Amino acid sequence: MKIAIVSDFHLGTKEGTPREDDSFIQAREAIERALELGAQLILIAGDIFDSRNPSQEVWARGMKILSLASEKENQGITLSDTVGKEKSDITALPLRGTPVVAIHGNHERRGRGFVDSIEALESAGLVIRLHHNTVVFETPDGRVAIHGMGYVPEDYAMDLLNEWNPEPVEGATNIFMIHQGLGRFTFSSSGAARLRPSDFVEGFELYVSGHVHYWVESEVHGKPLIFPGSTVRTQLLPVEAEKAKGFYLVNLQDGDIDYKFVELESVREFYYEEENFEGATSNQVENWIRTKLEELLNKSGPKLDKRPLARFRLTGTLSKGSSRGDIDVSRIEAEFEDKVLLSISREDLSSPELEEKTKLLRDIREEKISMEERGMKILDSNLEDLNYDQRFDSRTLYELLSEDRVDEAFEKVSEKLKELVESNLEEKK
């Protein structure tokens with residue numbers, strides 16, 4: 001018995017960009033390759049779509065891809081039983097070809113009372129949807145039970161999993177499928193997810209999770225835990241440059257489970273580079289970017305029909321007088337636009353002036369002085385940076401202007417200019 005396990009197609013992602021077709025091309029390849037390799041059942045672990053409300057164009061292309069499975073002849077797979085789901089909710093259509101079982105992901109989840117995209121696909125006969133329920137199939141190689149839980153908000157994941165509390169079906173090979181952040185496997189700005197693999201119910205032969213965008217293999221309760229990862233590059237993190245995109249092909253035979261990762265061939269090359277600068281000028285940073293791009297393009301792989309992706313993360317410090325804005329990213333992108341899809345992150349570059357200004361503002365904020373005095377301190381700092389020679393009394397001018405005494409300020413400037421002119425004329429005599 002062969003089962004293909006795919007996840008996170010994110011159909012419709014990067015719409016309106018040069019990458020808008022990638023999600024469809026790679027999802028189609030995943031389904032086609034799975035069927036070519038003899039998959040008798042296909043599991044999708046969430047996020048088929050990138051949006052809760054896909055456009056009609058995305059719907060049309062996505063449904064065409066999923067219909068590939070229904071066009072393939074069914075290989076003796078029949079629906080035997082359901083747990084927590086009415087058999088009448090499942091039409092005969094998904095069982096005419098290769099059945100597809102899917103759960104919703106965080107990108108597809110909608111509130112209570114609203115139909116999500118996976119429910120709509122089930123109504124169209126393209127998938128069998130699971131959420132806190134189970135389907136059991138009779139196959140030529142024995143019974144297989146698929147238990148599925150779609151994405152729920154992280155704060156409620158543990159409680160809802162415990163409330164569902166799925167039980168393995170006796171006499172079947174049991175596969176548990178979820179779409180959730182799981183402890184150390186999740187990239188999150190708020191830290192690791194609350195739900196951990198060890199929180200899963202014991203007794204299943206295989207555990208599967210979507211949501212994580214890189215493929216990885218682990219173990220829980222002494223059984224395999226696999227993450228297929230996304231089929232399309234989305235987050236452009238370092239791990240996505242290291243890990244291939246693809247899906248798992250699982251083989252069930254005589255009670256044993258064997259699985260292998262199948263790499264997709266249509267995925268763009270992706271290069272991720274970080275460089276830490278120390279006192280660099282904007283020209284030095286730009287030269288490094290150009291040199292590194294040329295190096296990467298010269299060693300680029302065989303996928304020459306697609307421009308590769310490159311993301312550069314720049315960190316460290318710039319020289320005095322240089323700023324992040326001086327780095328002409330737009331010009332570099334234009335120079336290489338026919339060769340690479342480039343993303344440059346400059347947010348972690350700092351300059352001495354920026355650090356000094358940040359410290360000055362922090363110190364001023366902590367002082368208990370008036371807004372006018374704060375403004376004067378900032379003005380003094382800026383004038384010092386300009387090597388101002390104090391020909392004009394800046395403090396007097398600032399006070400006059402802050403009190404809206406513009407005419408008096410203008411008179412002071414005029415008097416000083418007159419003095420300077422007369423002084424210059426005297427020097428020339």
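Starting from 1, each residue takes its place in the sequence as its number. Hydrogens, waters and symmetry mates play no part in the numbers below; they use all other heavy atoms, side chains included. If you're wondering where the values come from, they're calculated on a predicted model, not measured in any experiment.
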If you look only at pairs with a residue in residues 142-151, which of them pass as a side chain to side chain donor-acceptor pair (under 3.5 Å), with sequence neighbours excluded? Thr134-His147, Glu138-Arg143, His147-Asn174
How about CD on Glu219, more than 12 heavy atoms from neighbouring residues, nucleotides or ligands closer than 6.0 Å, or not? yes
I want to check something: taking the side chain as every heavy atom from C-beta on, are Arg194 and Met158 in contact at a cut-off of under 4.5 Å? no
Check ion pair Lys292-Glu275 (N to O, under 4.0 angstrom): no
Could you check if a side-chain atom of Ile178 sits within less than 4.5 angstrom of a side-chain atom of Leu195, using non-hydrogen atoms only? yes
List the steps, then state whether side chain to side chain contact (heavy atoms under 4.5 Å, CB included) holds for Ser55 with Glu15. CA-CA 10 Å; Ser55 66; Glu15 196 169 10; 3.9 Å; yes
Is the closest side-chain heavy-atom distance between Phe336 and Glu294 below 4.5 Å? yes
Return yes if some donor-acceptor pair links the side-chain N/O of Arg19 with the main-chain N/O of Lys14 below 3.5 Å, else return no. no
Have Thr234 and His213 got a donor and an acceptor in their side chains that come within less than 3.5 Å? yes
Measure the NE2-CE distance between His104 and Met149 for me, rounded to the nearest 0.5 Å. 8.5 Å
Flag side-chain contact, heavy atom, 4.5 Å: Tyr259 against Ile3: no
Any sub-3.5 Å donor-acceptor pair from Glu240's side-chain atoms to Gln235's backbone N or O? yes
Could you go through Asp8 and Phe227, starting from their C-alpha distance and side-chain angles, then the distance that decides it, and tell me whether this counts as side chain to side chain contact (heavy atoms under 4.5 Å, CB included)? CA-CA 10 Å; Asp8 292 83; Phe227 301 80; over 6 Å; no
Is the side chain of Asp116 donor-acceptor paired with the backbone N or O of Arg109 at a distance under 3.5 Å, no angle test? no
Rounded distance [0.5 Å steps], OG1 in Thr139 versus CD1 in Ile77: 5.0 Å
Nearest non-hydrogen partners of Glu273 and Leu296, listed with the distance: OE2-CD2, 3.9 Å
Any side-chain heavy-atom pair of Ile146 and Ile128 under 4.5 Å: no
Considering all heavy atoms, the nearest Val127-Pro94 contact: O-CG, 4.0 Å
State whether the side chain of His179 and the backbone N or O of Ala45 hold a donor-acceptor pair below 3.5 Å, judged by distance alone. yes
Tyr248 vs Phe261 aromatic rings, parallel, tilted or perpendicular, using cut-offs 30° and 60°? perpendicular
Compute both the distance and the angle, then confirm whether Arg233 meets the cation-pi test with Phe270: under 6.0 Å from the six-membered ring centre, within 45 degrees of the axis. no
Could you walk me through whether Arg96 and Asn74 pass the side chain to side chain contact (heavy atoms under 4.5 Å, CB included) test, one step at a time? CA-CA 6 Å; Arg96 291 180 180 177; Asn74 185 294; over 6 Å; no
Say you draw a straight line from NE2 of His10 to CD1 of Ile48; how long is it, rounded to the nearest 0.5 Å? 11.0 Å
Pairwise distance CH2(Trp288) to CG(Asn283) - rounded to 0.5 angstrom: 15.5 Å
Between Arg110 and Val115, the two heavy atoms sitting closest are NH1-O, 2.9 Å
List the steps, then state whether side chain to side chain contact (heavy atoms under 4.5 Å, CB included) holds for Ile332 with Arg290. CA-CA 7 Å; Ile332 296 173; Arg290 290 186 176 92; 3.8 Å; yes
Tell me if a side-chain donor or acceptor on Asn162 pairs with a main-chain N or O of Asp159 at a distance below 3.5 Å. no
Side chain Glu263, main chain Ala244, donor-acceptor under 3.5 Å: no
Search all heavy atoms of Leu206 against all heavy atoms of Ile5 and return the closest pair with its distance. CD2-CD1, 4.0 Å
Should Lys2 and Gln75 count as side-chain neighbours, where that means a heavy-atom distance under 4.5 Å? no
Are any side-chain N or O atoms of Arg307 and backbone N or O atoms of Glu337, one a donor and one an acceptor, separated by less than 3.5 Å? yes
Give every residue pair that meets the side chain to side chain donor-acceptor pair (under 3.5 Å) criterion with at least one member in residues 117-127, sequence neighbours excluded. Lys85-Glu122
Arg268 side-chain N/O to Lys306 backbone N/O, donor-acceptor pair under 3.5 Å: no
Answer yes or no: is there a side-chain heavy-atom contact under 4.5 Å between Asp47 and Asn106? yes
Backbone N/O of Gln180 and side chain of His211: donor-acceptor pair under 3.5 Å: no
For Lys243, I'd like to know if atom NZ has over 12 heavy atoms of other residues, nucleotides or ligands within 6.0 Å. yes
What's the spacing between Arg28 CZ and Leu68 CG if we round to 0.5 Å? 4.5 Å
Evaluate the side-chain proximity of Val101 to Leu41: yes if any heavy-atom separation is below 4.5 Å, no if none is. yes
How many angstroms lie between atom CG of Leu349 and atom CG of Asp326, to the nearest 0.5 angstrom? 11.5 Å
Can you name the closest pair of heavy atoms from Gly62 and Phe24 and give their distance? N-CE2, 4.3 Å
Counting only heavy atoms not in Lys260 (residues, nucleotides, ligands), do more than 12 fall under 6.0 Å from its NZ? no
Can you list everything that forms a salt bridge (Lys or Arg N to Asp or Glu O under 4.0 Å) with Glu205? Sequence neighbours excluded, please. none
Between Asn133 (side chain only) and His131 (backbone N and O only), is there a donor and an acceptor less than 3.5 Å apart? yes
Going by atom types only, do Glu242 and Tyr214 share a side-chain donor-acceptor pair under 3.5 Å? no
Can you name the nearest heavy-atom pair linking Leu318 to Arg324, along with the distance? CD1-N, 3.6 Å
